[in-house]
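Below is one structure, written out as structure tokens; the observations come after it.
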Amino acid sequence: WYLEAGYHLADLPWSPTLSYKYAFFSGDEDSSDSKNQAFDPLFYSMGRGWASHIMGEIVGEYFLFNSNQKVHMLGLNLQPSEALATGLLYYDFSLDEKNIWGTPVAADSFAQEVDLYVDYSVTDNLFLTATLAWATPQAGAKDYFGGNDDSYLAQISAYLSF
């Protein structure tokens, strides 16, 4: 489940939208048995846009996959033109249960992440997006992975619909 609130400032230049989201995806309470009872997202996609279903470009897509996590997200979206949008997202991730994929960890704090994106609608059928992301591990991730290196991501994607 999640709670989300946003405020759109339509009268300001670039029509900023400020948003906050809290998302909860349950973890497996008993990681010692063979039955995983953590939330299973079933379908995993971008849904209606940034931070709508995938929570974090790094943590959400490569580490936790919308399971066993509690997420606070702050967002700012700007719309300089009808075809161009840009935004900044901040995430604070913690674990619902103190285990990662069945491996116990000492702390429930997992990571903090910042994502910067630019979306451009070239035509009605061609959409481009560029993303820069940076995630910093917290105690739970450091315990699980055995290190404290930050993760970085840079990507450019094209989506063609027909």
Backbone of [Y] reached by a side-chain donor or acceptor of [X] within 3.5 Å:
X	Y	result
D119	A85	no
D115	A133	no
D143	A106	yes
N68	N99	yes
E113	E57	yes

Are [X] and [Y] close enough that some pair of their side-chain heavy atoms sits under 4.5 Å apart?
X	Y	result
W134	D150	yes
H8	S15	yes
L126	Y159	no
W14	Q79	no
V105	L95	yes
V118	L84	yes
F110	S94	no

Q: Quickly, which of Y22, Y91, Y20 forms a side chain to side chain donor-acceptor pair (under 3.5 Å) with H72? Name it, please.
A: Y20

Inter-residue atom distance [X].[atom1] - [Y].[atom2], 0.5 Å rounding:
X	Y	atom1	atom2	result
M73	K21	CE	NZ	6.0 Å
I58	L64	CD1	CG	12.0 Å
K142	T136	NZ	OG1	8.5 Å
S151	Y62	OG	OH	10.5 Å
L18	L74	CG	CG	9.5 Å

Q. Would you say L132 and Y90 are hydrophobically clustered, going by side-chain heavy atoms of ILVMFWY under 4.5 Å?
A. yes

Q: Could you give me the CA-CA distance, side-chain angles and deciding distance for V114 and L88, then say whether side chain to side chain contact (heavy atoms under 4.5 Å, CB included) is met?
A: CA-CA 7 Å; V114 175; L88 187 65; 3.7 Å; yes

Indicate the atoms forming the closest heavy-atom contact of [X] with [Y], along with that distance.
X	Y	value
Y7	L9	CE2-CD2, 3.0 Å
L78	P16	CD2-CB, 3.6 Å
G140	I100	O-CD1, 3.8 Å

Q) What do the steps show when you test L89 against Y117 for side chain to side chain contact (heavy atoms under 4.5 Å, CB included), and what is the final call? A) CA-CA 9 Å; L89 301 168; Y117 63 88; 4.0 Å; yes

More than 12 heavy atoms of other groups within 6.0 Å of [X] [atom1]:
X	atom1	result
Y152	OH	yes
N125	CG	yes
I156	CD1	no

Q. So M55 and Y2, side chain to side chain contact (heavy atoms under 4.5 Å, CB included) or not? Walk me through it.
A. CA-CA 11 Å; M55 301 299 292; Y2 71 91; over 6 Å; no

Q: Evaluate the side chain to side chain contact (heavy atoms under 4.5 Å, CB included) criterion for residues L128 and V122: first the C-alpha distance (whole Å), next the side-chain angles of each, then the deciding distance (0.1 Å), finally the verdict.
A: CA-CA 7 Å; L128 301 175; V122 179; 3.6 Å; yes

Q. Given the side-chain rings of F63 and Y144, with only the six-membered ring counted for Trp, is the space between their centroids under 6.0 Å?
A. no

Q: Report yes or no: is the cationic atom of K70 (NZ for Lys, CZ for Arg) closer than 6.0 Å to the six-membered ring centre of F24, at no more than 45° off its axis?
A: no

